[in-house]
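Working notes, beginning with the structure itself.
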Amino acid sequence: MAKITLNGRPLETPDRTLLIDAAKQAGVVVPHYCYHPALGNPGNCRMCLVEVQGSPKLQPACRLKAVDGMVVSTESPAVVRAQAGELELHL
Amino acid sequence: MTKIITKHFDEPKLHELAVYRRLGGYEGLKKALAMTPADIAAEVKKSNLRGLGGAGFPAAMKWGTLPPLDKVPGPRYVVGNCDESEPGCFRDRVHVERAPHQLIEGLLIACYAVGAKEGFVFIRGEYGRQHRVLAAAVKEAEAAGLIGDKILGTPFSCRIMLMRGGGTYISGLDTALLESMEGKKSWPRQPPPFPTNFGLMGFPTVVHNVATLAMLPHIVVNGGEWFAKLGTAKSGGTMLYSVSGHVEKPGVYEFPMGTTLRALIEAAGGVRKGHALKAVIPGGTSTPPLGPEHLDLALDFDTVRAQGSFLGAGGVIVLDDTADMVEACRDIISFLTHESCGQCTPCREGSVWTKRILERLLSGLGRPEDPANLERIADNVTGKTICALGDTVGIVLKAYIKKFPEEFKRRAVAGARSSPEGERPGRLQEGRGPAGTEARV
């Protein structure tokens with residue numbers, strides 16, 4: 001099991017779970033277009049970008065696997081700006 | 001002044017094996033095969049050899065990320081990247097054509113040092129002549145027992161295969177190059193894992209620019225310390241520059257790390273007679289332009305980084321007072337739009353959108369909000385994409401707007417004509433855009 005921190009709250013999830021699925025487990029929705037469990041996670045729509053402590057760039061939640069000690073935010077100002085920006089580029 | 005890669009370039013037959021050997025060629029390989037791979041890695045570490053293809057990543061550090069052979073036995077590979085496609089860069093095609101054996105020797109040394117039995121050189125498809133010259137050199141080396149089984153009487157066996165690219169810029173990126181080698185479209189992968197752990201066909205692979213590989217024989221022969229001393233504290237050896245643009249003598253120039261921009265431009269004959277220096281792109285069009293205030297900057301990977309740009313692949317483009325920086329920006333963004341692989345939304349959409357805005361600015365259809373909008377879109381692209389091509393879109397836009405704000409402001413007004421100095425205005429005609437797109441832009 002991996003113990004991570006999601007939006008300031010502790011979350012335990014099976015090791016190597018995709019962050020986007022771990023978040024869903026905790027009832028946190030991460031917007032996404034190109035990911036579906038049955039179709040794969042190409043990570044190219046860039047809607048699911050989240051903040052991971054220690055990474056200078058935002059990371060796609062559908063690509064990153066949960067690892068013990070990860071600190072993730074899906075609602076920081078940088079993430080919210082990114083979501084608006086990426087949606088604009090989609091539209 | 002010490003030259004390494006171009007040292008014997010006044011010898012017209014340097015590409016022939018006998019001539020190359022007469023000038024000391026393959027002594028590096030001979031010496032390397034008598035050393036242990038660990039000792040070779042130690043020399044490369046001492047040398048401060050940085051990757052010369054654009055990222056400047058320390059070569060020894062890259063080798064250090066390979067999994068140990070006892071933990072992950074099985075094939076591993078070295079790939080020489082000759083996909084030189086960054087506008088402003090043409091030095092690899094020159095040294096590969098003039099001294100193909102130097103590259104072969106460097107590739108063999110790298111293979112031996114990392115435990116690879118197969119080396120590859122990926123050459124951009126457009127470099128047909130360079131491919132033929134390199135192929136002929138490989139044949140010569142095979143016939144002489146320098147490639148193949150039990151090289152120079154040692155247990156080391158190694159094959160070299162050449163592959164030609166399909167014509168994209170993005171296949172110069174290491175993971176995209178590997179995809180292309182595997183017969184797939186050159187869509188960059190998303191590390192982790194990195195190529196040294198999961199590379200060609202999933203095996204540990206070291207990808208190096210061909211100039212980086214060409215330095216290895218000299219590091220082995222003369223020692224890492226010699227190489228390090230030629231350069232600066234953290235960038236060892238020399239840099240191979242392609243100098244072009246508004247200079248009297250464009251061409252390929254080799255200078256030690258730490259040489260000033262002024263010295264480099266002077267060696268290339270200086271700015272065109274009767275003109276003043278306006279800007280210098282230091283490392284290929286992906287890199288932010290420097291200005292006359294940077295002439296005394298001692299060029300190495302870290303000093304240029306500190307000035308907000310990148311030494312990159314040393315594609316130095318000199319621009320004088322006749323240059324229109326909005327046009328330059330449009331030309332670069334146009335290139336990136338064309339070369340975007342299309343995989344991820346911000347790069348695919350952001351590049352073409354900003355290109356259209358730049359075309360409007362150059363066609364007298366500019367709007368006051370355009371420069372700020374370009375910067376806003378840039379922020380939504382850089383740092384949000386799968387690979388560095390996307391990052392470059394934003395980096396270039398912001399760099400040109402920041403350094404030449406007046407040129408952008410002047411055009412952000414309806415009816416503004418292209419400046420008198422510009423030779424190629426925008427491609428949108430007043431009142432008409434390309435079939436119905438004008439209103440959306």
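Order of the sequence lines sets the chain letters (A, B, ...), proteins ahead of strands, with each chain counted from 1.
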task = Taking only Lys NZ, Arg NE, NH1 and NH2, and the carboxylate oxygens of Asp or Glu, determine whether R46(A) and E349(B) approach each other closer than 4.0 Å.
result =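 No, R46(A) and E349(B) are not salt-bridged.
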Residue pair I377(B) / L89(A): nearest heavy atoms and the distance that separates them =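 That would be CG2-CD2, 4.3 Å.
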key: P346(B) versus C45(A), closest heavy-atom pair with distance   =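 In terms of heavy atoms, the two residues are closest at CD-O, 4.4 Å.
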Considering residues, nucleotides and ligands other than [X], do more than 12 of their heavy atoms fall under 6.0 Å from its [atom1]?
{"X": "K234(B)", "atom1": "NZ", "answer": "no"}
{"X": "R376(B)", "atom1": "CZ", "answer": "yes"}
{"X": "H90(A)", "atom1": "NE2", "answer": "yes"}

inquiry  = For a side chain to side chain contact (heavy atoms under 4.5 Å, CB included) check, start with the C-alpha distance between T345(B) and Y33(A), then their side-chain angles and the critical distance, and finish with the verdict.
reply    = CA-CA 11 Å; T345(B) 301; Y33(A) 287 130; over 6 Å; no
key: Distance, nearest 0.5 Å, that separates OG1 of T385(B) from CG of N44(A)   =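 If I round to the nearest 0.5 Å, the distance is 12.0 Å.
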query = Mind checking what makes side chain to side chain contact (heavy atoms under 4.5 Å, CB included) contact with A399(B), not counting sequence neighbours?
reply =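 Listed in chain order: P288(B), P289(B).
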ask   = Where on R348(B) is there a heavy atom nearer than 4.5 Å to chain A: the side chain, the backbone, both, or neither?
value =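 Nothing of R348(B), per the 4.5 Å heavy-atom cut-off to chain A.
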ask   = Is it the side chain or the backbone of T382(B) that comes within 4.5 Å of chain A heavy atoms, both, or neither?
value =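 Contact with chain A is absent: no heavy atom of T382(B) under 4.5 Å.
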request  = Please confirm whether the backbone N or O of P42(A) pairs with a side-chain atom of Q190(B), one donor and one acceptor, at under 3.5 Å?
outcome  =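 Present.
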Contact leader toward chain B among M47(A), K57(A), R81(A), where contacts are heavy-atom pairs under 4.5 Å =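 Option with the top pair count is K57(A).
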